[in-house]
Amino acid sequence: MAQDVSLKDIRPALGATARRISELEDPVVVCHIDADGISSGAVIAHALKKMEKPFEVLPVKQLDPSTYETIPWERDLIFVDFGSGQIEKTKDYVIIDHHQPIKKTKYQLNAHYLGLNGSRDISASMLCYLVSREMIGDNKMAEAAVVGMVGDQMTRKPLHGVARLPVKTKWVSAVKGLTFFGRETRPLSVFLKYMSEPFMPGLSGDAGGSYKFLKKLSLEPNDTYHSLSDKQKNNFHSELIKYGAKRGAKVHRMLGEYYILPKRPGTTEMRDTSEFSTLLNACGRHERPEIGIGIMLGDNVYDEAKKLLRIHRMLLARGMEELEGRGVSQFRNFQLFESESIKPTIIGIVAGIAISSRLVSPLKPIIAIVPTEGGYKVSGRATLSLTDKGINLGKAMQVASGKEEGGGGHDIAAGAFVEETGLKNFLLKMDKVLGEQLK
Ligand SMILES: [Mn+2]
């Protein structure tokens, strides 16, 4: 149990990693480009900066043979948010990772070796944060620690154990309220319309219904959730619960703990950690991860990040159109979307929106594929109801692809690369494994 792992237990390991990093003369921080990877890179960059060490940050889309030649192996590398799964290549370097490790090495800090579960308890950003505290003794990067946790979907339950330390700083606040996306920047009418877990008949995906609902409660559809008074919020919550309970929605999923960054400007995507993680993903997925790192470090690059977010949304909208146009084909235990042109870095998000908005059936996971160099990028998305029933897409993809590092592997969301000739076999195996998980 993660709750049993205390800071005291893991401090020797954190200290050893901190010391090793401090010894490096001209380190290169190699990080992944999703929200957790970018946050991790920013945390270590902040620490190195504060120690007045020269360093570079090198964001990498994925760490595998296709990118090995882009890595300056002769230098002092620090891998964050990956590295444990590629241990033959990375064994001599510092690694801070939470993915399933293969074997212990001298400078590897992996969640699993600390008694923590790397898919539920702790992200790479949080591990980096704990290491950085040992290096520099400030806690400013508590922000990045939590944004990475949110990005890796580890806040469906409240932050717990050592991962709760950032909440005790002035940089992060825990708040109770609606768990839907867009609390800080979306007008209430849009916020309500995009509510998807739970799906609310008559509100989710229904602009008119959402608008009427708000008007009936005397709420201004253009206000944001965050701007409401406590009294307005409480009334909104109880009316939503009443409405949902009448219609059989899983209302217990509506309220929960979420995290805001009180030092960041209000009404921007930097205030609410879930919007911040989307902002970072937009930077990473559209080839500008360094903007994401800059914004996390407090550089003046918000306008550029915002531009990337707009491109991101435009491409998602286009992806949704393609999905609506082409439709899905049915397998026994999943539905398949074969895309022609969606960017491999966002196809998973398109699949996620499709299933959570019920554009495709929520009763089976959706598997989306798109051709990419030498094969297919595969992305799967499920719902909380499906994972409650035993579906674990991350595990299913590992088995079906025959690779231990099947890509981003969570129960509800996972991705993989499949070679062109192996696609048919992969899909058949996927169908079989998902069927077995449901039993
Ligand atoms: Mn991660």
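Just so you know, ligand 1 is whichever comes first in the structure, and atom 1 is the first atom listed for that ligand. Only this structure's heavy atoms are used, side chains among them; waters, hydrogens and symmetry mates stay out.
- The N, O or S atom of D152 lying closest to the Mn ion (ligand 1) is OD2.
- Inter-residue side-chain proximity for L384 and R156 is flagged as met; some heavy-atom pair is nearer than 4.5 Å.
- Each of K343, R285, H286, K307 was checked for a side-chain hydrogen bond (donor to acceptor under 3.5 Å, both in side chains) with H312, and the lone residue meeting it is H286.
- Checked by atom type, the side-chain pair H98/D152 shows a donor-acceptor distance below 3.5 Å.
- With the Mn ion (ligand 1) as the vertex, OD2 of D36 and NE2 of H98 span 100° to the nearest 10°.
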side-chain contact (heavy atoms from CB on, under 4.5 Å) assessment of K364 paired with I366: CA-CA 6 Å; K364 290 179 194 176; I366 175 168; over 6 Å; no
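- Its N, O or S atom nearest to the Mn ion (ligand 1) is what matters here, and for D81 that atom is OD1.
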